[in-house]
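For ligands, and for the atoms within them, numbers begin at 1 and follow the listed sequence.
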Amino acid sequence: MGAPKGFPENFLWGGAIAANQAEGGYAEGGKGLSTADMVPYFEKKDYTNLRELMHVTSEKIETAIAHNSAEGYPKRYGIDFYHRYKEDIALFAELGFKAFRLSINWPRIFPNGDDAEPNEQGLKFYDEVFDELRKYGIEPVVTLSHYEMPISLVLNYGGWANRKVIDFYVKYAETVMNRYKNKVKYWLTFNEINTTIIEPFTGGGIVEDRVENVLEASYQALHHQFVASSLAVKLGRSINPDFRIGCMLARMIHYPATSRPEDVHQALVDNQLNLLHTDVQARGAYPAFVERYFEDNNIHLAKEPGDDQLLLDNTVDFISFSYYTSLVSTVTPEEYGVTGGNLYSTVKNPNLPVTEWGWQMDPVGLRIVLKEMYDRYGLPLFVVENGLGARDRMEEDGTINDDYRIDYLRKHISQMKEAVMDGVEVMGYTMWGAIDIISASTSEMSKRYGVIYVDQDDKGQGTLNRFRKKSFGWYKKAIASNGEDLD
Ligand code: BG6
């Protein structure tokens, strides 16, 4: 047979978005408010401190709920995918997408989270979106929860720190998995599940000023999400045995700053903490090191009898992850400078260039991550987010010459191909954005990831017209050649 020479025939090329960053229509069609609807636009940014930027307090929530408009809250208007999805999907079809990753906006289906009945208008909206995708033979890849839980579950229950939320999620998962059982095959239970630890409000609906021990509450919330994810896997398999259900991790690979054993060990620890999530969801158990870690950090996890067995019996079919950047670990961070990164900042790696937002660009890191995760889990891997956030300029003739994005994608896809040739089973690649959307961390429109440009600025001004960037033609060619033509 020999080593694979390139991407498999059925490779799922495509793009990805999240409902809260794209849909808009925040109060239409019976939708309730979500955690994302609480985040205002902020002017001055320190990109090395995203957590501070994204921080949502009780006071901010109160102000946001009283604010009955989308103005100043970019995730409430997104790019109007809610009304323009047909036009957007036609462009994805033109690109030759085999797959499109999107999330279902939970409060569109259960506006308060604990409603007795689902909202039919919300269900109908996704029926139409999936039908439109199917019309072009595009496979939907659906994230059940992507930073958009109903705000009522935060206010009335304390978010995922409360075990009761598992039941609401399972009811929601059951509703949509049943409804779309013939339209959707690929499901992801939680986007970047590790965000619950890194940014507890965004990932777990935890308002930090309402809990005493934030880290403990975050791990408790995470445990509930693990249980909920396993229940969704179990349920999904009973609804349609053909479903393929995966977990999703923001893979943050840490390199040691030096070959000093202390730095190497620190990198190991940081990687263990990141891979803990996939260890639970793919292997079915918490890794051994957590006992001591929890003790040292005053974390007392409340588990119910049966939880461990449930996790063990309902592991995922595949592992999906986002990969944007690599990070650096050291026991002496004060010796180094700091740069930005996806959800948190890191020590600078002198070998890597950074984006305008300070994220270190490391295509080889993608190959390392793929090989290392395949060695560890032996499960198919799916790169469901990767891309470059950059400021694009439209020229007078209407062109957008984003050669830097082509360069980024080319290098990452090339490294992914190397990993495939190294024997790693990679199912697909859905680049982040595909179309420009609101940034998750900074709520900016000007941080653009797409190969499709959307005419809208940070204040929500613009025609919302869509334009093909230079990278559009490049990605189309890359897909048509199944990753062979990357020039
Ligand atoms: C991931 C998220 O962390 O990174 C996305 O899953 C997000 O929702 C993406 O948009 C890029 O991050 P940002 O902050 O640049 O939009």
Counting only N and O atoms by type, is there a donor-acceptor contact under 3.5 Å from the side chain of Ser320 to the main-chain atoms of Cys247? yes
Compute the shortest N/O to N/O distance between Ala440 and ligand 1 and return yes if it is under 3.5 Å, no if not. yes
So is there a nitrogen or oxygen of Lys447 less than 3.5 Å from a nitrogen or oxygen in ligand 1? yes
For Ser439, the ligand 1 atoms with a heavy-atom partner under 4.0 Å come out as 13 (P), 14 (O), 15 (O), 16 (O)
Begin with the C-alpha distance, continue with both residues' side-chain angles, and end with the deciding distance and a verdict on side chain to side chain donor-acceptor pair (under 3.5 Å) for Ser329 and Asp270. CA-CA 7 Å; Ser329 298; Asp270 292 337; 2.6 Å; yes
Side chain, backbone, both or neither: which part of [X] has a heavy atom under 4.0 Å from ligand 1?
| X | value |
| --- | --- |
| Asn191 | side chain |
| Trp359 | side chain |
| Ser441 | both |

In terms of ring plane angle, is the pair Tyr172 and Tyr169 parallel, tilted or perpendicular, where the classes change at 30° and 60°?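 Rings of Tyr172 and Tyr169: perpendicular, as their planes differ by over 60°.
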With a sphere of 6.0 Å drawn around CD of Glu395, does it hold more than 12 non-hydrogen atoms of other residues, nucleotides or ligands? yes
Would one find more than 12 heavy atoms of other residues, nucleotides or ligands at under 6.0 Å from atom CD of Glu28?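 Yes, enclosed.
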Can you tell which of Tyr324, Tyr449, Trp432 gets a heavy atom nearest to atom 15 (O) of ligand 1? Tyr449
Only one of Thr399, Asp402, Asp403, Asp392 passes side-chain hydrogen bond (donor to acceptor under 3.5 Å, both in side chains) with Lys470; say which it is.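 Going through Thr399, Asp402, Asp403, Asp392 one by one, the side-chain hydrogen bond (donor to acceptor under 3.5 Å, both in side chains) with Lys470 is satisfied by Asp403 alone.
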